[in-house]
Amino acid sequence: MESSGENPASDPKPESVPDEDFGTLKYQLLGPSLTKAGQDSVDQQKVSEIIYNASRGSKFFKHEQDRDRNLTLKIERILKEKARLERLDLSSELRRADEYLAELESSRELSQHVIHVDCDAFFAAVEELDRPEFKTVPMAVGKGVLTTCNYLARKFGVRSGMASFVAKKLCPQLVLLPPNYDKYTAKAKEVRAIMAEYDPLFESASIDEAYLNITAYCDENHLEPDEVVQRMRAEILETTKVSVSAGIAANAKIAKIASNLNKPNGQFQVPNEREAIMKFMRDLSVRKVNGIGRVFERELESIGVKKCGDIYPHRALLTKLFGEKAFQFLAQCYLGLGRTKIEPVETHERKSVSTETTFHEIGDKEELRAKLWWAAQELEKDMARTHFKGRTLALKVKLHTFEVLTRQTAPSRAVFLAKDLYSFALPMLAKLEKDIPNIKLRLLGLRCSNLVSTQKVGINFFGVATQPKPATEPTSEPAPISTSDVNVYHEICAEEAFEAAARQEIQDEMNDLEQLSQETPDVHEPEASAAPPVVETPAMWDCPVCTRPQIADDRAFNEHVDFCLSRQTIREVVQDTSEETSSIPPNSRKRKLPSQAGIPEMDPKQKRLFFQ
DNA sequence: GCGGATCAC
DNA sequence: TATGGTGATCCGC
């Protein structure tokens, strides 16, 4: 449909910036979710300026600049290579490409009805259910960066993935809520319960997205796919009070794209006909395709591929320029092909388990060891929860410059205990410290891969992974719809118990950490301290509107928030947004307050529950 | 197999 | 002042 204002490469350069190609950099700074819905009426150029000015001079900005320069260089190489190739005889490459296209075409599947369902501004929508006042003001969920924002906030150019201080510059009256993942998980469960009625083997793509194959449902109920989806969306809205958007198509790839076209609270169907599909793809920006991000978009654009239809005339070059996999992927995009097999996530095999955290710049070796020990303990918990050991252990660090480095090792045995994770990771950290003088980190993480299951049941005689897979949600109903071959088995309860226990441990671990940072963990097996006293902390929550800490009492807190909201001039919000983003005063509001250091967060640690 | 990069959410 | 965490995949060496 629209998709007009999405390529700011045509920015006329403002006078204030020096003469270099800042167009691409600004585009980069706009963030990854530019193509998302809700941005159509926004003046991207003004937004871009504000973001640019908010970021300028920071280490983050310098890093983005570096990346942008490198990409520009890479693109120059691509263009040189393209020019070289075009002087050669490409007929055999062309033939090869056409053969592959023909082969793909012969496998085209049009008999299935696949849908992609996507909750609209999910986290924000869930928060609005609890606090309807937030429906009428621009609001976002997130801490350092936003995970979601409502549609009112999007009118200001606010987007998910954006640093919250940048968002505040774009929209000073933005209400910022801390995320509450347990709440979203619970709501997601309600939504999934309904989706299961339409396809018991639906596939959760994330907490707020799913793929369903509704072919059987359509047949059994003598309904057209769009009728089924209307019905399902209405049912979801009715019973869970969150709205969803959906795409209906012959395969998952097109359904995913289509679900974005009538957001929010809408649906879009691409008919199961070859011609309709080809036409749909022909005019579709490649960026809309799942898997083509900002970098690949720029690379493709440089050789003249903006829309999926542009892929065809370049087919002979793609393998040489971008590799075989990329060619195959693009060929499928051109033809509008994608998978039709939809299956529960539980049937996917996990490849890695990891944890990482960002912190203030740290150069002190003791402090870094404490962070490593913390990461090791976190990873141990995740390894226990997922029932794995790892034969490979990787250390990830992000320098204060935002440069990311990873180092990995194959321990002598599969590891999962914190003390082993720590002691095998420490030498890698030490080597980095040695190789990079004056190293300062802003992130540290650990990852286990090459996984070995530790589940009692699934390990057969030869050690081959034959894991029992949970099939359905742990609903109160005993196996709602028979799913024939999939076993309904699982340790969901065990997992939940583990999560609860894990939460209780957090306080303990903070105490461990404190001790460690004083005592200095040894290079060998650090010990966890036993039964530390519970630290009494003052219970305070930050007001999402004025950001001041408030006594953590539900009623008093809510009253305070309402009061703050009422002080916000609502008319600020109901403006025509297309030009108003310019009139954001540089330093509009009161605020400016005491640092909140030491004040505990409102929510427990973020935790992504994967198979749930 | 390792390390860097990209991508999605 | 200040820019996330988890998991997957691909490429070049």
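Lettering follows sequence order; numbering is per chain, from 1. All figures in this text were calculated on a predicted structure; none of them were measured in a lab.
Judged by the 6.0 Å and 45° rule, A:Lys253 forms a cation-pi pair with A:Phe329. The cationic group of A:Arg413 does not satisfy the cation-pi geometry with A:Phe424, failing either the under 6.0 Å distance to the six-membered ring centre or the 45° limit from the ring axis.
Of the side-chain N and O atoms in A:Arg67, none sit less than 4.0 angstrom from OP1 or OP2 of B:dA5. In this structure, A:Ser58 does not reach the C:dA2 phosphate: none of its side-chain N or O atoms is under 4.0 Å from OP1 or OP2. Contact annotation: A:Ser352 side-chain N/O to C:dT6 OP1/OP2 distance is not under 4.0 Å. Between A:Arg294 and B:dC7 there is no side-chain polar atom (N or O) within less than 4.0 angstrom of OP1 or OP2. Distances shorter than 4.0 Å separate some side-chain N or O of A:Asn290 from OP1 or OP2 on B:dC9. An OP1 or OP2 oxygen of C:dT6 is reached within less than 4.0 angstrom by no side-chain nitrogen or oxygen of A:Arg350.
Contacts of A:Phe61 with the nucleic acid, taken as non-hydrogen atoms under 4.0 Å apart, are absent. Within 4.0 Å (heavy atoms only), A:Leu443 reaches sugar-phosphate atoms of the nucleic acid but no base atom. At a threshold of 4.0 angstrom between heavy atoms, the contacts of A:Arg447 with the nucleic acid are absent. No contact: A:Glu64 has no heavy atom under 4.0 Å from any strand. Across all strands shown, A:Val145 has heavy atoms under 4.0 Å from base atoms, whether or not it also approaches the sugar-phosphate.
Comparing A:Gly293 and A:Thr392 against DNA chain B, the residue whose closest nucleotide sits nearer the 5' end is A:Thr392. Residues A:Phe402 and A:Glu324 both approach DNA chain C. Their nearest nucleotides, taken by heavy-atom distance, put A:Phe402 toward the 5′ side.
Side-chain to base pairing of A:Ser55 with C:dT3: one donor and one acceptor N or O lie within less than 3.5 Å of each other.
Distance A:Lys351 NZ to B:dG1 C1': 16 Å, rounded to the nearest Å.
Salt bridge status for A:Glu76 with A:Lys74: absent, with no side-chain N to carboxylate O gap under 4.0 Å.
The A:Lys325 side chain lies nearest to C:dC11 when the options are C:dG4, B:dC9, C:dC11.
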Name every donor-acceptor pair, under 3.5 Å, that has one atom in a side chain of residues 397-408 of chain A and the other anywhere in the protein, sequence neighbours excluded.
{"from": "A:Thr401", "atom 1": "OG1", "to": "A:Glu403", "atom 2": "N", "distance (Å)": "3.4"}

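Taking each heavy atom of A:Gly157 and A:Met162 in turn, the nearest pair found is O-CE, 3.4 Å.
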